[in-house]
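What you see below is based on every heavy atom in this structure, not just the backbone, and it leaves out hydrogens, waters and symmetry mates. Owing to the predicted nature of the structure, the values given are computational and were not obtained by experimental measurement. Throughout, a chain's letter reflects where its sequence line sits, starting with A, and its residues are numbered from 1.
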Amino acid sequence: MVAEQAGDQFHSRQNKLAELREDGWAPYGDKYRVTHSSRQILNDFEMLEGSGVSFFGRLMTRRDHGKASFAHLQDENGQIQIYLREDRVGHNEYGLYQKLDIGDIIGVTGEVFKTRKGEITVNVSSFKLLTKALRPLPEKWHGLKDIEMRYRQRYIDLMVNPESRRVFTLRSKVIQKMRDFLTDRGFLEVETPVMHTVAGGATARPFVTYHNTLDIELYLRIATELHLKRLVVGGFEKVFELGRIFRNEGISTNHNPEFTSVEIYQANADYEDMMSITEEMVSSIARDILGSTIINYQGKELDLTPPWPRKYLIDTVKELALVDFSQINDDVSARQVAAEHGIEVEKTTTRGEIIFAFFEEMCEKKLWGPVFVKDYPVEVSPLARRCTHNPDFTNRFEAFLAGKEIANAFTELIDPLDQRERFEQQVSQRLAGDDEAHMMDKDFITALEYGMPPTGGLGIGVDRLVMLLTDSPSIRDVILFPTMKPKE
RNA sequence: GAGCCAUUAGCUCAGUUGGAAGAGCACCUGACUUUUAAUCAGGGUGUCCCAGGUUCGAGCCCUGGAUGGCUCACCA
């Protein structure tokens, strides 16, 4: 026997792989005929005790006792113990078993029983190696803690950290419930382009790409809004799109360059209707998945039970930033107040932008919520309808949960002339150097000129909602493969 | 982009004042037919993130860099 390469479990396993092949075992096998999963065996033990079962899983632990051995096999939903004896499986197969490593995937067949200590176990009559693992698993007791490796090599995280599997299973259920909630209410799920010639629907910097044969630059979408509204123009009265959007901006515990949003549009509706949808959808998802509308996030309680309070943005600023903008009615005095509070302004900054800046900088994080903050300044809401009795503000709201903005919605702006002016305002900001300002979308204006019914629209940040429901502190904990810099 | 922190064995981590690189699990050798963080006997398997520097001597001190985390900035 060749001496082991010192210190290298990878090479040790490669040697075993070669030995297995020499001995005629196939280290990468065909599918195994299974009858049960680990969970089914554990759940139906009363019924299955004494009868034969077949299942497969990854070898996670083993306790060898000479001519017998205990081990745990893990499949998608759990682990179950197996018991092997040489006099049962045969000398040859037991020899194979002794060459197995933790991490290998095997299929087993045997009878269900309970050990002296009371653990449901399968007494193996035969087994088959399905997949040889060449790399060792992280430690069985502490799991994989290295955050960087958990993100970069999520497959290891999923193998050894049940909590991680729970988070992503729950994420999937949240999205499923969202779909059910909307389709049950007559919303039509649609798919609109991911590659845009004009990146619109939000104030954000887009990713730019290039189409060879068309010889044009294309943008990855920063929102689904403008295409969905075109569909409302076209006559679809209730639509939604659940999908990935991309923003070429900073990365933080609340921002990933690609993330998932759901946007919902309903004809002949307004932002009050969108508030109802938001609070009903979020609370019903929590109730269905977590069993309660009162959840815990990072050690604090968050009561999602509807109705959620509604507060005017200007009142929120008055309350939390202690500035009463109802008494400050022109740009000049607003800029003066901003300067007094250390909020940066330029000569052209307007009262509305300053009110919004006060809100973002001094109020948002204090909003544990849930709360709907409503009626935003028109300058920062270029796609929202103006309030009937105050054209400086719009019928827009954002929903805050645990200090995070999770929804943004408005009564949509359907007046094509006003929309054109708003775009022109954005374009002039863009020319002045604001590369996050909106671009002119002429076709969208044309669509509005054909006539869009009064419409309510809503966008929800799915990742942030999943963070709340899974009690995850970072958005990277709820995205399977978060954006990372290459290591080398 | 800035500040702070982290990076040591496959994994989780210790490493004192600058003086011969450690533990547990994993792994390797052997024993063991109901164990379960199995046990028992033996074995340390390492680019101390990278590159320089100071020093008789650097995991430790200094400079620069990489990646990650947190905070801030940025950002619907």
*Asks:* Would you please confirm or rule out a distance under 4.0 Å between OP1 or OP2 of B:C28 and any side-chain N or O of A:K16?
*Replies:* yes
*Asks:* Which atoms of nucleotides 48-50 of chain B (N or O only) lie under 3.5 Å from a protein N or O atom, and what are those distances?
*Replies:*
none

*Asks:* Using ring-ring contact (aromatic ring centres under 6.0 Å, His included) as the criterion, list what pairs up with A:Y83, not counting sequence neighbours.
*Replies:*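 Per chain and number, A:Y83 pairs via ring-ring contact (aromatic ring centres under 6.0 Å, His included) with A:F70.
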*Asks:* Expressed in whole Å, how much space separates the C1' atoms belonging to B:C62 and B:U54?
*Replies:*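 So the two C1' atoms sit 7 Å from each other.
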*Asks:* Choosing from B:G69, B:U35, B:G10, which nucleotide comes nearest the side chain of A:H65?
*Replies:* B:U35
*Asks:* Identify whether any heavy atom of A:G461 sits under 4.0 Å from a base atom; if not, whether one sits that close to sugar-phosphate; answer base, sugar-phosphate or nothing.
*Replies:*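 It contacts nothing in the nucleic acid.
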*Asks:* Please report, rounded to the nearest Å, how far the P atom of B:U33 is from the CG atom of A:D87.
*Replies:* 10 Å
*Asks:* Going by distance alone, is a donor N or O of one side chain under 3.5 Å from an acceptor N or O of the other, for A:E241 and A:T224?
*Replies:*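 No donor-acceptor contact under 3.5 Å links the two side chains.
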*Asks:* Quick one: stems for RNA chain B, with Watson-Crick or G-U pairs under 3.5 Å, at least three in a row?
*Replies:* B:1-7 with B:66-72, B:10-13 with B:22-25, B:27-31 with B:39-43, B:49-53 with B:61-65
*Asks:* Rounding to an integer number of angstrom, what distance separates B:C72 and B:G10 when you compare their C1' atoms?
*Replies:* 37 Å
*Asks:* Decide, yes or no, whether a salt bridge links A:E412 with A:R396 under the criterion of side-chain N to carboxylate O below 4.0 Å.
*Replies:* no
*Asks:* Measure from NZ on A:K485 to P on B:G69 and round the result to the nearest Å.
*Replies:*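 The distance from NZ of A:K485 to P of B:G69 comes to 11 Å, rounded to the nearest Å.
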*Asks:* Please give the distance between the P atoms of B:G43 and B:C4 as a whole number of Å.
*Replies:*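 So the two P atoms sit 46 Å from each other.
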*Asks:* Just to confirm, is there a sub-4.0 Å distance from OP1 or OP2 of B:C25 to any side-chain nitrogen or oxygen of A:R63?
*Replies:* no
*Asks:* Can you give me the closest heavy-atom contact between A:R166 and A:T470, atom names plus distance?
*Replies:* NH2-O, 3.6 Å
*Asks:* Could you tell me how far B:C32 sits from B:A21 if I compare only their C1' atoms? Round to whole Å.
*Replies:*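 To the nearest whole Å, 34 Å.
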*Asks:* In this structure, how many angstroms lie between the C1' atom of B:U29 and the NZ atom of A:K99, rounded?
*Replies:* 15 Å
*Asks:* Considering only side-chain heavy atoms of A:E139, which listed nucleotide, B:C72, B:U34, B:U12, is closest?
*Replies:* B:U12
*Asks:* When we call it a touch if two heavy atoms are under 4.0 Å apart, what does A:Y151 touch: a base, just sugar-phosphate, or nothing?
*Replies:* sugar-phosphate
*Asks:* Nearest whole Å is fine: how far is B:A26 P from A:L137 CG?
*Replies:* 12 Å
*Asks:* What's the gap between B:A58 and B:G1 when it is taken at their C1' atoms, as a whole Å value?
*Replies:*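 So the two C1' atoms sit 33 Å from each other.
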*Asks:* Looking only at side-chain N and O atoms, does A:K140 come under 4.0 Å of OP1 or OP2 in B:C25?
*Replies:* no
*Asks:* For B:U35, take OP1 and OP2 only and decide whether either is under 4.0 Å from a side-chain N or O of A:K117.
*Replies:* yes
*Asks:* Taking atom P in both B:G44 and B:A23, compute the distance separating them and give it to the nearest angstrom.
*Replies:* 9 Å
*Asks:* Can you find a side-chain donor-acceptor pair between A:R386 and A:T394 that sits under 3.5 Å?
*Replies:*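 A:T394 and A:R386 do not have a side-chain donor-acceptor pair below 3.5 Å.
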*Asks:* Looking only at atom P, what distance separates B:G42 and B:C50, rounded to whole Å?
*Replies:*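 That atom pair is separated by 34 Å.
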*Asks:* Given atom CZ of A:R116 and atom P of B:U33, what is their separation to the nearest angstrom?
*Replies:*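 Nearest whole value for this atom pair: 13 Å.
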*Asks:* Take the protein atom CD of A:E86 and the nucleotide atom C1' of B:C32, then report the distance between them rounded to whole Å.
*Replies:* 13 Å
*Asks:* Counting C-beta onward and ignoring hydrogens, is there a side-chain heavy-atom pair between A:D375 and A:I314 closer than 4.5 Å?
*Replies:* no
*Asks:* Under a 3.5 Å threshold, yes or no: a donor from one side chain and an acceptor from the other, between A:E86 and A:H91?
*Replies:*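 Looking only at side-chain atoms, A:H91 and A:E86 do form a donor-acceptor pair, the distance falling under 3.5 Å.
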*Asks:* Whether the A:R62 and A:Q98 side chains hold a donor-acceptor pair (N or O, under 3.5 Å, no angle test) is what I'd like checked.
*Replies:* no
*Asks:* When you compare B:G15 with B:U34, how far apart are their P atoms, in angstrom units rounded to a whole number?
*Replies:*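 Rounded to whole Å, the distance is 42 Å.
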*Asks:* Could you tell me how far apart A:L100 (CG) and B:A26 (C1') are, to the nearest whole angstrom?
*Replies:* 16 Å
*Asks:* Can you check whether A:R62 has a side-chain N or O nearer than 4.0 Å to OP1 or OP2 of B:U36?
*Replies:* no
*Asks:* Could you give the CG-to-P distance, from A:N254 to B:G69, as a whole number of Å?
*Replies:* 14 Å
*Asks:* Any side-chain N or O of A:R13 below 4.0 angstrom from OP1/OP2 of B:C27?
*Replies:*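 No, A:R13 has no side-chain N/O under 4.0 Å of OP1/OP2 on B:C27.
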